[in-house]
Novice: 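Below is a structure I'd like to ask you about.
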Amino acid sequence: MASGPISSFKSLVEYLRTLSLSHVNVKQFTFGQLSDLDIETNTQYPVKYPLVMLIPRRADIDAGGKVEFSFALSVQDITTYDLAVEEDQLNTTFMILQDLLSRIRQTTWEEVDVYLDTPVVCRPFVEAFNNTLTGWSAEVTFEVKNPFNNCDAAFE
């Protein structure tokens, strides 16, 4: 799934994009802030749902050879104001989120050099824009190998 070692922010995001889009129910992956979703006016490139969104939070650099990247990872879908449909959408989006987290957690370092810290706190949401977004958001921290060394540093 990953092409080469995951040792940078960009390679981690690309791994998560590839993984998300390989899920049979996910229609789109996006990176940025929730406010970046233009669900009301973007007719040229409409958002496709269910959507996986990755929102960067922070990075912790450890001198022992790792970096921890923290994100909000959300799975969302458009729903109606019908509570039965909302319940189904919350169930479906949670199952997608659980599938993604399970795949990452069950993958070994030999397969993909990324580790998911657990437990993962997941929260449901229902946000009313011009449509109602329903889904789950998880606060996730991924550990990647990234040694402190001067051999790879960009100095003359």
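Reckoned from all heavy atoms, side chains included, excluding hydrogens, waters and symmetry mates.
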Novice: Can you sort out the partners of Asp62 under side chain to side chain contact (heavy atoms under 4.5 Å, CB included), two or more places apart, ordered by chain and number?
Specialist: Lys66
Novice: If the condition is side-chain hydrogen bond (donor to acceptor under 3.5 Å, both in side chains), which residues does Arg123 pass it with, not counting sequence neighbours?
Specialist: none
Novice: Which atoms form the tightest heavy-atom contact between Val126 and Glu86, and what is the distance?
Specialist: CG2-OE2, 3.5 Å
Novice: For the atom pair CG (Leu101) and OG1 (Thr118), what is the distance rounded to the nearest 0.5 Å?
Specialist: 10.0 Å
Novice: Grab the two heavy atoms, one from Val144 and one from Val114, that are nearest each other, plus how far apart they are.
Specialist: CG1-CG2, 3.9 Å
Novice: Rounded to the nearest 0.5 Å, how far apart are CG of Leu51 and OG1 of Thr93?
Specialist: 11.0 Å
Novice: Rounded to the nearest 0.5 Å, what separation is found between the OH atom of Tyr49 and the CG atom of Leu133?
Specialist: 4.5 Å
Novice: Which value, rounded to the nearest 0.5 Å, describes the distance between Thr141 atom OG1 and Leu73 atom CG?
Specialist: 11.5 Å
Novice: Excluding sequence neighbours, so at least two apart, what forms side chain to side chain contact (heavy atoms under 4.5 Å, CB included) with Asn25?
Specialist: His23, Ile96
Novice: Would you compute the distance between atom CG of Leu21 and atom CZ of Phe29 and round it to the nearest 0.5 angstrom?
Specialist: 7.5 Å
Novice: For Phe94, which residues count as a ring-ring contact (aromatic ring centres under 6.0 Å, His included) partner, sequence neighbours excluded?
Specialist: Trp136
Novice: Taking all heavy atoms of Ala72 and all of Glu139, pick out the closest pair and write down the distance.
Specialist: CB-OE2, 3.6 Å
Novice: Arg17: which residues meet the salt bridge (Lys or Arg N to Asp or Glu O under 4.0 Å) condition with it, sequence neighbours left out?
Specialist: Glu14
Novice: Using modelled atom types only, decide if a donor and an acceptor are shared between the side chain of Glu143 and the backbone of Asp117 within a distance under 3.5 Å.
Specialist: no
Novice: Given Leu100, which of Val140, Val52, Leu116 fulfils the side-chain contact (heavy atoms from CB on, under 4.5 Å) condition?
Specialist: Val52
Novice: Report yes if the side chains of Gln33 and Pro56 come closer than 4.5 Å at any heavy-atom pair, otherwise no.
Specialist: yes
Novice: Under a 4.5 Å side-chain heavy-atom rule over Ile, Leu, Val, Met, Phe, Trp and Tyr, are Phe71 and Val121 clustered together?
Specialist: no
Novice: Knowing that exactly one of Val112, Val120, Asp99, Leu16 qualifies, which makes a side-chain contact (heavy atoms from CB on, under 4.5 Å) with Ile104?
Specialist: Leu16
Novice: In Å and rounded to the nearest 0.5 Å, what is the NZ to CD1 distance from Lys48 to Ile78?
Specialist: 14.5 Å
Novice: Any donor and acceptor pair, going by atom type alone, linking the side chain of Asp77 with main-chain N or O of Thr134 inside 3.5 Å?
Specialist: no
Novice: ring-ring contact (aromatic ring centres under 6.0 Å, His included) with Phe69: which residues, sequence neighbours excluded?
Specialist: Phe9
Novice: Identify the residue among Lys145, Arg105, Glu68 that makes a side-chain hydrogen bond (donor to acceptor under 3.5 Å, both in side chains) with Tyr115.
Specialist: Arg105
